[in-house]
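Just so it is clear, the values below take in all heavy atoms, side chains as well, and ignore hydrogens, waters and symmetry mates.
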Amino acid sequence: MSPDHPPGLDLDRLRGLLDRERPGLVAGPLSGRLIEGGRSNLTYAVSDGTGSWVVRRPPLGHVLATAHDMKREHRVISALHPTDVPVPRPVLLCEDEEVLGAPFYVMEFVEGTPYRTAEQLAPLGPERTRAAVLNLVDTLVGLHAVDPAEVGLGDFGRPEGFLDRQLRRWAKQLDASRNRDLAGIDELHATLGRELPRSPSPTVVHGDYRLDNVLIGGENDEIRAILDWEMSTLGDPLTDLGLLVMYSSPLGTPDSPVSTTAQAPGHPAPAELIERYAARSGRDVSAVAWYTAFAWFKLAVILEGIHYRYTLGQTVGRGFDRIGDLVPVFIEHGLTTLQKG
């Protein structure tokens, strides 16, 4: 397909749907492009030459059970859009698989930059980088301060037994994609299960909160939108903190297709992020090592699923051939984090 007609996006059918459901929204022929960087759901930028939108849909091939739920993503951004939490304006949810071959939703296009690597952050300089990452923490505190019931998300998840259920869920997803030996991953899972912390009061949890899942822009480098809500639910807010800490820790693998931003000049150390979150949220973060180790485990499972889809030839984008080599690195980091406490 041409760049204006990327795989998984039928622009004629999409235009027809938008004309029926949102008459007057689209003023001319649509063009579209795949936004690279995501390793799971597919994201496309779509434009009629005047207005711009974003389309989110599941991957083209192997899909793990309960993952890639477009309805959940659309529901949570619809609920949060009226609050102070920065999310794109939702436009339309389509559950009819006849249109694009899978459920999808459309939202507004928000200008901004998702900073994925230390190299991309470097031009900001140390002061702006530091401020952007600290703002990431503050925005997370704001998300976790939202009362789920007040925004219609009181039934968005099952907070009771959340951590135990999360461990079982990710173990099940690992089994669904397991086609090779992975030394240490069963030990990591078992140790996490033996040392479950007691969760604080539940909040809306993003599930994949990191710097490259937000758009930063404007003169003050504000966070204009939080993206990629596919793993969102009601649960333990410290799982979001643990993931943010993990992504702020050096990975130790140069030129990796999955990287952290920890080496950028001015990037706050994980300890400072933890302290800031604790001070601004008022939550006890003494068990943060468990949550960080869980983040390493969760990412190891996700990466193994991506590697599995790559072996089946069911991926779109660059860098997938190196994903499999990263899984043992994430497992080792998880084990080390638990050992050090």
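- The CG atom of L167 sits 10.0 Å away from atom CZ of F162, with the distance rounded to the nearest 0.5 Å.
- Between Y44 and the choices R56, R57, R33, the side-chain contact (heavy atoms from CB on, under 4.5 Å) rule is met once, by R57.
- Inspection of the E73 and N41 side chains reveals an N or O donor paired with an N or O acceptor under 3.5 Å.
- Using a 30° and 60° split on the angle between ring planes, F294 and F297 fall in the tilted class, from 30° to 60°.
- Atom CG of D84 is surrounded by 12 or fewer heavy atoms from other residues, nucleotides or ligands within 6.0 Å.
- Using modelled atom types and a 3.5 Å distance limit, the side chains of R75 and S78 yield no donor-acceptor pair.
- The backbone N or O of R283 sits less than 3.5 Å from a side-chain atom of S281, completing a donor-acceptor pair.
- Proximity of a side-chain donor or acceptor of D212 to a complementary backbone N or O of Y115 within less than 3.5 Å is not detected.
- Nearest approach of V54 to E108, heavy atoms of both residues: CG2-O, 4.2 Å.
- When all heavy atoms of P237 and S201 are compared, the pair lying nearest together is CD-O, 3.7 Å.
- Remark: side-chain polar atoms of R15 are paired, donor with acceptor, to backbone N or O of G28 under 3.5 angstrom.
- Under the 30°/60° scheme for interplanar angles, the aromatic rings of Y277 and H144 are found to stand perpendicular.
- Between the Y247 side chain and the Y209 main chain, no donor and acceptor come within less than 3.5 Å of each other.
- Looking at D48, its side chain does come within 3.5 Å of a backbone N or O of A27 through a donor-acceptor pair.
- Judged by the 6.0 Å and 45° rule, R72 forms a cation-pi pair with F156.
- Within the structure, every pair that satisfies the salt bridge (Lys or Arg N to Asp or Glu O under 4.0 Å) test and touches residues 200-209, not counting sequence neighbours, is listed here: D208-R210.
- Counting only residues at least two apart or in different chains, salt bridge (Lys or Arg N to Asp or Glu O under 4.0 Å) contacts with residues 294-306 comprise R180-E304.
- Here the side chains of L92 and L17 are in contact, with some heavy-atom distance below 4.5 Å.
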